[in-house]
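Since the structure comes first, as structure tokens, the remarks are kept for the end.
We count ligands from 1, going down the list as the structure has it; atoms in each ligand are counted the same way. Residues take their numbers from the sequence shown, with the count starting at 1. Note that the structure is a prediction, hence the values are computed from the model and not measured.
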Amino acid sequence: MKVIDLINNNNSGKPLFTFELLPPVKGHSIEKLYNSIDPLIEFNPAYINITYHQAEIMQVTQNDGSVINKLIRKRPGTVAIAAAIQNKYTIPVVSHLICGGTNKDETEDTLIDLNFLGVKNILALRGDSKRSAEFIPEKNGYSNASELVEQIVKMNNGEYLTKEIFDMIKTDFCIGVAGYPEIHKEALDMQSDLEFLKMKVEKGADYIVTQMFFDNKDYFNFVKACRDIGITVPIIPGIKPISAINDINLLEPTFKIHLPEELVSEVKKCKTNKEARVVGVEWAIMQSKELAEAGVPGLHYYTLGMSRNIKKIAKAIF
Ligand code: FAD
């Protein structure tokens, strides 16, 4: 089932419950992931997202004791995991796909694999650079997510990069893209960021899912700004519960988002991460309730492996 159909056919009077998981670290078991999913099944997730991770620079010690920088894919396996989760739980999976670290031909082959495996939903993203501050596309790769959306839409129309083979089938992917209520960290200003978001939608994205935000006003203002410039597709809010005291130091600079003072002062009072998690869950429940009352199409949770937190929120909302 496609995400856009799930949204359009939802007559439950509640937003869809969805969440995002990371593939296990290289060499670790997929059971870890299943252990994160199992406690959330009783809340009927409409779909599950699985993130995509390109190779990153890691320091590797060689036999002679010297240390070198090596590009390693720390979390491989997105496509295989997407199919495994779909088969095990019969819940649609949204496979994230990025431009970073890959070229157009490799992307075409990944899309072919996803299609063979029956994974119909893709979140098309640019990704961040793992080698420099600024995003540098691969040779014969893409510079932004719009170009990736374009390739997926072309395959949906039976148009592949490889022109030498005939009678190629049309795929039927549903495409989501990312939106930034507090603007993307590299964007010049909100207006240009919105114009580029509109471009992704005009190229064929079916819906938008947002970056995390902690003040619902940011989401409501963003949706209004999107509607004002003619973006009409569903916009699903992304929620991340605070899960450690240090989140109040890390999240703002990493994602260029802001945390409300009230939340920061509550977290500062915490002596342990366990206490911070309680504050984070309460805040996320408060956010989720207000968003649900406003009639959002879905509530999408960033789990970062903390499905116990998401379970507490889901219990209060779904
Ligand atoms: P784009 O839409 O390409 O935008 C990137 C920047 O370029 C923006 O500043 C935009 O304003 C600008 N821009 C866009 N189009 C153009 C253009 N035509 N010309 C000039 N400038 C342009 N990262 C991962 O590596 N793996 C994941 O699984 C993953 N999942 C994510 C899920 C969600 C919901 C979100 C919000 C982010 C996720 N990310 C993931 C992070 C994402 O890859 C980064 O935020 C990345 O920096 C931007 O990706 P994008 O798709 O929004 O990029």
Side-chain angles (χ1 to χ4, degrees), residues 3 18-23 47-56 73-79 81-82 93-102 107 110 114 119 121-138 141-152 175-214 218-219 222 225-226 229 231 233-240 251 253-257 297-305:
V3 167
T18 70
F19 57 90
E20 173 182 302
L21 295 164
L22 276 61
Y47 57 87
I48 298 169
N49 282 50
I50 182 91
T51 56
Y52 192 98
H53 300 259
Q54 60 178 302
E56 55 195 279
R73 246 188 113 193
K74 217 168 134 190
R75 294 181 187 270
T78 300
V79 171
I81 292 167
V93 173
V94 178
S95 185
H96 292 199
L97 192 58
I98 64 170
C99 310
T102 185
T107 296
T110 303
L114 286 165
V119 178
N121 293 290
I122 292 167
L123 190 67
L125 301 146
R126 188 198 69 180
D128 286 317
S129 176
K130 296 291 174 196
R131 280 167 268 183
S132 58
E134 166 198 359
F135 181 80
I136 300 168
E138 290 299 299
Y142 295 127
S143 305
N144 55 64
S146 278
E147 296 171 342
L148 178 56
V149 171
E150 213 171 354
Q151 179 175 12
I152 303 168
I175 309 166
V177 289
Y180 300 83
E182 298 179 74
I183 88 169
H184 181 256
K185 56 189 174 185
E186 294 160 33
L188 290 179
D189 50 39
M190 182 53 108
Q191 192 55 31
S192 63
D193 208 28
L194 285 170
E195 294 292 346
F196 288 131
L197 179 58
K198 191 176 177 195
M199 191 190 286
K200 290 194 274 196
V201 173
E202 284 171 349
K203 298 242 174 178
D206 296 292
Y207 67 96
I208 295 163
V209 55
T210 77
Q211 179 61 282
M212 67 184 80
F213 57 89
F214 291 87
D218 292 321
Y219 170 81
F222 174 68
C226 287
I229 66 156
I231 296 172
V233 296
I235 303 175
I236 299 166
I239 310 281
K240 180 198 152 16
L251 295 175
T254 307
F255 299 105
K256 279 234 179 125
I257 54 169
L299 287 165
H300 184 69
Y301 296 94
Y302 298 104
T303 69
L304 299 175

Considering non-hydrogen atoms of the protein only, which is the closest contact for [atom], and what is the distance?
{"atom": "atom 51 (O) of ligand 1", "result": "Arg126 N, 2.9 Å"}
{"atom": "atom 12 (C) of ligand 1", "result": "Phe196 CD1, 3.9 Å"}
{"atom": "atom 47 (O) of ligand 1", "result": "Asp128 OD1, 2.5 Å"}
{"atom": "atom 25 (O) of ligand 1", "result": "Tyr52 O, 3.5 Å"}
{"atom": "atom 39 (N) of ligand 1", "result": "Leu125 CD2, 4.1 Å"}
{"atom": "atom 18 (N) of ligand 1", "result": "Asn144 ND2, 3.2 Å"}

Evaluate the side-chain proximity of [Y] to [X]: yes if any heavy-atom separation is below 4.5 Å, no if none is.
{"X": "Ser95", "Y": "Asn121", "answer": "no"}
{"X": "Glu150", "Y": "Met199", "answer": "no"}
{"X": "Leu97", "Y": "Leu125", "answer": "no"}
{"X": "Tyr302", "Y": "Ile239", "answer": "no"}

Contact atoms of ligand 1, heavy-atom distance to [X] under 4.0 Å:
{"X": "Ile98", "value": "24 (C), 25 (O), 26 (N)"}
{"X": "Ala178", "value": "35 (C), 36 (C), 52 (O)"}
{"X": "Val209", "value": "34 (C)"}
{"X": "Thr51", "value": "28 (O)"}
{"X": "Asp193", "value": "8 (C), 9 (O), 10 (C), 11 (O)"}

Under 3.5 Å, N or O to N or O, is [X] touching ligand 1 that way?
{"X": "His53", "result": "no"}
{"X": "Lys200", "result": "yes"}
{"X": "Glu20", "result": "no"}
{"X": "Ala145", "result": "yes"}
{"X": "His96", "result": "yes"}
{"X": "Gly127", "result": "yes"}
{"X": "Thr210", "result": "no"}

Should Thr18 and His300 be marked as a side chain to side chain donor-acceptor pair (under 3.5 Å) after you check the CA-CA gap, both sets of side-chain angles, and the distance that decides it?
CA-CA 5 Å; Thr18 70; His300 184 69; 2.7 Å; yes
Lys/Arg cation over aromatic Phe135: Arg126, 6.0 Å, 45° cone
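Verdict for Phe135: a cation-pi partner in Arg126.
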Any idea which part of His184 is under 4.0 Å from ligand 1, heavy-atom wise: side chain, backbone, both or neither?
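It is the side chain that gets close, since no backbone atom is under 4.0 Å.
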Region of Asn49 that comes within reach of ligand 1 [heavy atoms, distance under 4.0 Å]:
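Looking at Asn49 and ligand 1, no heavy atom falls under 4.0 Å.
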Would you check, one step at a time, whether the test side chain to side chain contact (heavy atoms under 4.5 Å, CB included) holds for Leu251 with Ile257?
CA-CA 7 Å; Leu251 295 175; Ile257 54 169; 4.2 Å; yes
Which heavy-atom pair separates [X] from [Y] by the least distance, and what is that distance?
{"X": "Ala124", "Y": "Ile152", "value": "CB-CD1, 4.1 Å"}
{"X": "Arg73", "Y": "His53", "value": "NE-O, 2.7 Å"}
{"X": "Cys99", "Y": "Asn144", "value": "SG-O, 3.5 Å"}
{"X": "Pro297", "Y": "Pro234", "value": "CG-CB, 4.1 Å"}

Is the backbone N or O of Pro137 less than 3.5 Å from a side-chain atom of Ser143, with the two atoms forming a donor-acceptor pair by type?
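Here the side-chain-to-backbone pair does not exist.
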Quick one about Glu147 and Gln151 (side-chain donor to acceptor, distance below 3.5 Å, no hydrogens or angles considered), yes or no?
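Short answer, no.
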I'd like to know whether ligand 1 has Tyr302 as a neighbour, heavy-atom separation below 4.0 Å.
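Tyr302 counts as a contact of ligand 1 under the 4.0 Å cut-off.
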Can Tyr180 be said to touch ligand 1, with heavy atoms closer than 4.0 Å?
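Per 4.0 Å heavy-atom rule, Tyr180 contacts ligand 1.
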